[in-house]
Amino acid sequence: MPVKKKRKSSGSEDPSIRKCKITRTQTPGRMVNPEDQFSNKKCLAWFYEYAGSDDIVGPESMEKFCEDIGVEPENIVMLVLAWKLEATNMGFFTKEEWLKGMTSLHCDCTERLQGRLDYLRTQLNDPVLFKSIYRYAFDFARDKDQRSLDMDTAKSMLALILGRTWPLFPVFHQFLEQSKYKVMNKDQWYNVLEFSRTVNTDLSNYDEDGAWPVMLDEFVEWHKARNIAL
Amino acid sequence: MNRCWQDHCRQTIMIRSIFLFLDRTYVLQNSLLPSIWDTGLELFRTHIVSDSGVQSRTVEGILEQIERERNGETVDRSLLRSLLGMLSDLQVYKDSFEQRFLTETTRLYAAEGQRLMQDRDVPEYLHHVARRLEEENDRVISYLDQSTQKPLIAAVEKQLLGEHMTAILQKGLRTLLDESRECELTLLYELFNKVKSGLTALLQSWREYIKSSGGEIVSSPEKDKEMVQELLDFKDKMDLVSQRCFQRNDTFINAMKEAFENFINKRPNKPAELIAKYVDSKLRAGNKEATEEELERILDKIMIIFRFIHGKDVFEAFYKKDLAKRLLVGKSASVDAEKSMLSKLKHECGAAFTSKLEGMFKDMELSKDVMIQFKQYMQNQTDPSNIELTVNILTMGYWPSYIPMDVHLPAEMVKLQEVFKLFYLGKHSGRKLQWQPTLGHAVLKTEFKEGKKELQVSLFQTLVLLIFNEADECSVEEIRTATGIEDGELKRTLQSLACGKARVLNKTPRGKEVEDADRFHFNSDFRHKLFRIKINQIQMKETVEEQVSTTERVFQDRQYQIDAAVVRIMKMRKTLSHNLLVSELYNQLKFPVKPADLKKRIESLIDRDYMERDKENANQYHYVA
């Protein structure tokens, strides 16, 4: 198994720089095997394995890529990977994104990446990084012609990111199902995370006069009304 | 007991008389001697009055007498007076009598208050209380000691009024005010004025009453038609009450204003709309019920009501629409009244509020000048037209927006339009003229069998009627193709000509509604006693649409105003918390708006990148330049 390496703290724009600063490792105590040093060439070849003649990994090759690394496309780790690669479009990796991102991850082949998946998952546990991933997800999933996320995408993205951690998510999902909202804008998206983090499950500390988007006001009202009706 | 008492009285009086006599004749001359009067009093006090049996019997006797008097029997007041005088001379009045008297009084009136509150209605009760107070005062004057007056009256007031304040107000105020029984209300005010916190309670109920009664007037949609009139009447009534009965007490007048403001705005927008319509009905021509001064007075009253309205923009929108109609159709009752209303509005809401309305008047005046010039211009024209054209040039933006409609005008009209266009643009280059056929009207000269008539009709009606110059009978479809009038409008027009009061067209088959298959022909047998006949457009459906669209436009405007206010504030402050922004908005916005609506606008501005949320603190906004 390849040894996990800490990605370089600064940007590694120049692919010719060999990764020598391996002083700190993700898991302390592990020694770095010099054989496992990152190869830029290998990485590029790996990219073309999927990209073919185009300079981009498209949806179909993406599926194969997922298969190769043993992850389902709808697994949250793919989102984290895309975030790491700073991919702008869902289902696509450009060459620049690939090279830059994979370099930072020190991955130049399938096996190495597989070894890094756990590390990617741990990123979700850091609240600051999680927030950044969450915010990134909006632009990532957004149809680039539109300012907002259409509701179906929004719902599945929320399910992916918050589904496991936010106890109220099933209720919120139901609310979205019956609401008249067709899209979710950035502000609403950002605030759903804040909401999920700060508001109690029983909504007791929700401040109606706060700056919450109207959508969340409506959700709270709807939820309370439903609780009374039940 | 009574007999015994009478005897006792007689004796004591006699003793007292003897003392008096001795005192007068002897002590006066021998001032050095201890006063016999005093000695007598002392003796009397120690031997007779201090005897608890005698004292209590005396006091009880007095109290019994007083109670009897209170129950309406006549008693010997002079007897009571002398007895009480004696007690006070003996300096036992306060201790032995007054206290018991007051407890007795309290007990009696507490019971009476309870009983009468149950049995009698409030006005009667009030009169009763007033009478009781008078009696007690009388009692003090005729035989009680002066010092008793205060505690006595206080006790009576407390028992009869203080204890029953809420009950009186709950039970009676409503009816009193409903029936505007001035004299009882005055009494009520005066009585409550005497009791501690009475006026506060009255004030409270008064406010509640206005709120609930006013709320009833405002809140029922079925009664919309009479709402404004009822409001005016109600305001008059309340004014009268506060002036005549409540001694123009400022707090009451203020409470009334506050209550009015409160209930009128309970139902948003509709009252404003109805006030505008009411003003329209008053300012419209043919309103012969009022003289100029009366009209002026009504307008003043309306302004008072108008002052309470929060959403003045709704009023403006409807007022403008109606004003446009009055001006264009020449239906305004009097220019003076219009102007006076306008100046009132200006005074109330500022020049910005009325600038558009003033612009409309200006347009009308300018149009008149233009028409005079146009007439001169036409006279110099080589090709005189047989139609007289009057054009009102309306500045876009001042007037309500009208949807332009394309219709086929007769060649002569089109030509005339061109002539005017040439004339007008020659004077004012760079302007754009757009004709509004929906607003046009015309006078047609017609020959019926009965004789010549003049028909005053709208432009659409004109177009339809002109078809019958050439054809005898037409179908709906033919008329539509010939005139180009939109379907719904055409049907209404035909309905007004063939199914209204003045039927200059005949419709087959007959009926109230116009169907696609109907055919029309000219009614040459038409009779009417007047020479000039006005045929009204049927407008029912239109007004509903108009009403909805006007309201919508107002709401649209409000959104822009909110947006503008948010951006203005944010531009100045750069960074502001949500709550501060909202409160600042409420300061700036002059119409009622829900917090949720403000939030929606804020969100929309965030979405459009005019501002952004703080990345860490969702309650904080930043201005985005």
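Chain naming here is simple, since letters A, B, ... match the order of the sequence lines and numbering starts at 1 in each.
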May I have the list of side-chain donor-acceptor pairs in residues 559-569 of chain B shorter than 3.5 Å, sequence neighbours left out?
residue: B/Gln559; atom: OE1; partner: B/Arg601; partner atom: NH1; Å: 3.4
residue: B/Tyr560; atom: OH; partner: B/Gln556; partner atom: NE2; Å: 3.3
residue: B/Asp563; atom: OD1; partner: B/Arg601; partner atom: NE; Å: 2.9
residue: B/Asp563; atom: OD2; partner: B/Arg601; partner atom: NH2; Å: 2.9
residue: B/Asp563; atom: OD2; partner: B/Arg608; partner atom: NH2; Å: 3.0
residue: B/Arg568; atom: NH2; partner: B/Gln588; partner atom: OE1; Å: 2.8

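Heavy atoms from other residues, nucleotides or ligands lying under 6.0 Å from CE of B/Met572 number more than 12. Shown here is A/Glu221, whose CD atom has no more than 12 heavy atoms of other residues, nucleotides or ligands within 6.0 Å. More than 12 heavy atoms of other residues, nucleotides or ligands shown are found within 6.0 angstrom of CZ on B/Phe353. Other residues, nucleotides and ligands place no more than 12 heavy atoms under 6.0 Å from the NZ atom of B/Lys571. Within a 6.0 Å radius of NZ in B/Lys312, other residues, nucleotides and ligands contribute more than 12 heavy atoms. Shown here is B/Lys615, whose NZ atom has no more than 12 heavy atoms of other residues, nucleotides or ligands within 6.0 Å. More than 12 non-hydrogen atoms from other residues, nucleotides or ligands lie less than 6.0 angstrom from CD of B/Glu261. The 12-atom threshold is not exceeded at NZ of B/Lys257, counting heavy atoms of other residues, nucleotides or ligands nearer than 6.0 Å.
No other option in B/Ile606, B/Val582, B/Asp597, B/Leu581 has as many heavy-atom pairs under 4.5 Å with chain A as B/Ile606.
Inter-residue side-chain proximity for B/Glu603 and A/Met215 is flagged as unmet; no heavy-atom pair is nearer than 4.5 Å. Between A/Lys186 and B/Glu612, the closest side-chain pair of non-hydrogen atoms is not below 4.5 Å.
Minimum heavy-atom separation, B/Ala596 to A/Val214: O-CG2, 3.5 Å. Residues B/Lys599 and A/Pro213 share a closest heavy-atom pair of CE-C, 4.4 Å.
Scanning residues 197-212 of chain A against chain B with a 4.5 Å non-hydrogen threshold yields A/Glu208, A/Asp209, A/Gly210, A/Ala211, A/Trp212, sorted by number. The interface of residues 89-97 of chain A with chain B, defined by heavy-atom distances below 4.5 Å, is empty. Along residues 140-154 of chain A, the residues that come nearer than 4.5 angstrom to chain B, judged on non-hydrogen atoms, are A/Arg147, A/Ser148 in order of number.
Contacts between B/Asn619 and chain A at a heavy-atom distance below 4.5 Å involve backbone atoms as well as side-chain atoms.
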